[in-house]
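The chains referred to below are lettered A, B, ... by the order of the sequence lines, with proteins before strands, and numbering in each begins at 1.
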Number of protein chains: 2
Amino acid sequence: MGRAPVALSPEGKRLLLAAAAKLAVLRGSPHALVLREVAREAGLNHNTFYRHFDDMESMMRVMAEDFAAHVRHGVREARASVKPGVPLSGIVVGRVFDMAIQHADIFTVSLRELHGPAGPLRDVVRQSLADLAEDMRADLQQLPELQAVEPRMLRAAVDLLIRNTTWLCLDYLEQPEQRQVLLDTAREAFHSTMAGVIARSSRSA
Amino acid sequence: MGRAPVALSPEGKRLLLAAAAKLAVLRGSPHALVLREVAREAGLNHNTFYRHFDDMESMMRVMAEDFAAHVRHGVREARASVKPGVPLSGIVVGRVFDMAIQHADIFTVSLRELHGPAGPLRDVVRQSLADLAEDMRADLQQLPELQAVEPRMLRAAVDLLIRNTTWLCLDYLEQPEQRQVLLDTAREAFHSTMAGVIARSSRSA
DNA sequence: ACGTTAAGTAGCCAGTTGGATACTTTAGTA
DNA sequence: TACTAAAGTATCCAACTGGCTACTTAACGT
């Protein structure tokens, strides 16, 4: 359940996953990957690939599970790091950025895949973000200013912010030196959106 | 300048571009394209490709230019369709969706490429969106409620909305039957964000 | 010390690829 | 009508691919 991803995997498997992620970032898509090239990048014979994966698609499934595990792990850690009652939302974007940069290739590939062709990788990534969104909504809803807001409207706002954060996160992974600027951008979006939700909600009440 | 894109191109060139876009949508990335397969899909001998393009990358550049031309053309049309003084913003998302569905493959590939690896295609697409953003900001700024808003803050809000719209547009291209839902989502994001900008702006004034 | 199994390797295969060179067809136009 | 240039084709090539079978090495419990 809660174990760190790919921790118990054999060396070769991890090397292959890392090589695949790295190459997929360069190529722009995991679908452009070439089996032999991945093995070469990992410093292994191309046949070793078959010791760990059935084919490329099965490898992508593993990568997607890794991504999902990282996200779950990150959320759990963030939750444990703040006092109960205090909202996570203030720190969540920074946490996301931290997670992302620690597994930069996997995150880049996974987030890009959000709008790729339908497939197991995309489904898993989308589900992770959907879970995260519902988590954040419930978290925010407990704030006094937001308790009166209709859950559906709040969820829509959170979805908007997650789309925005995903975008900025990909920018961050490409230009880590822009971290502060991107965080500020995300924070401003957060403030504007929440102010908007509150304004619209109290107006309609 | 203002001419419709690929209008004067020879038949084969258009066939190849259409085939490439179609396959790139299926594959998830133009970088996964295979020259011979593109030609096959277009019903042409693979050598004919070289009559029109130097290589795959030069073809992608052409595709990017097509995308940019479509966007410019769409904006010009939208501008002409509303009375002067009336803001475009109310209809702009619907217009974007219309444009996108008319050139579904090119738009899908181009918008996906926004977070692909750096390259000419991506640069052109980003520039198109940046131009569109500045256009929209200037347009919105003329509204009475928004005249007092700091341009930089308004631009940030527009950027947020464009990121959101891009996302929803890709969803729309994959599920055209969801058009109305997605348009409503975009409209709600628009209202929330603008309400937020106004609230924050008047608060700090 | 030995046997079992997982991890890794070597070499082969038929099929496909990007690209070159040389040829044919089409369409315009002088 | 004959000439030309653009568009399209046929064929060949070395290089690479995914996947197969068969072999070697490393690790580990007994």
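Counting heavy atoms from C-beta outward, Leu44(B) and Phe49(B) have side chains that stay 4.5 Å or more apart. Side-chain contact between Ser192(A) and Arg200(B) is present, with heavy atoms from C-beta onward closer than 4.5 Å.
For Asp171(A) and Gln175(A), the side-chain atoms include no donor-acceptor pair closer than 3.5 Å.
Note: NE2 (His46(A)) to P (dA7(C)) measures 18 Å, nearest angstrom. Remark: P of dT9(C) and CG of Leu16(A) are 10 Å apart, rounded to the nearest angstrom. In this structure, Arg40(A) places its CZ atom 18 Å from P of dG8(C), rounding to the nearest Å. One interatomic measurement links the two molecules: CZ of Arg51(A) to P of dA27(D), which rounds to 16 Å at whole-angstrom precision. For the pair His31(B) NE2 and dG18(C) C1', the computed distance is 18 Å after rounding to whole Å. One interatomic measurement links the two molecules: CD of Glu37(B) to P of dG15(C), which rounds to 18 Å at whole-angstrom precision. Remark: P of dA26(D) and CG of Asn45(A) are 16 Å apart, rounded to the nearest angstrom. Counting to the nearest Å, the P atom of dA22(D) and the OH atom of Tyr50(A) are 17 Å from each other.
In this structure, His52(B) reaches the sugar-phosphate backbone alone: every heavy-atom distance under 4.0 Å involves primed, P, OP1 or OP2 atoms, never a base.
The closest donor-acceptor contact from the side chain of Glu113(B) to the backbone of Gly28(A) lies at 3.5 Å or more, if one exists at all.
Closest to the side chain of Pro10(B), out of dA7(D), dA10(C), dG19(C), is dA7(D). For Asn47(B), whose side chain is taken as the heavy atoms from C-beta onward, the closest listed nucleotide among dT11(D), dA7(C), dG18(D) is dT11(D). Candidate nucleotides dG18(D), dT9(D), dT9(C) were compared by shortest atom distance to the side chain of Leu44(A), and dT9(C) ranks first. Comparing dT17(C), dG18(D), dG8(C) against the side chain of Thr48(A) picks out dG8(C) as the nearest.
Looking at which nucleotide of DNA chain D each of Glu11(B) and Arg36(B) is closest to, the 5′-most match is held by Glu11(B).
Looking at Arg152(B) and Glu188(A), no side-chain N of the basic residue comes within less than 4.0 Å of a carboxylate O on the acidic one, giving no salt bridge.
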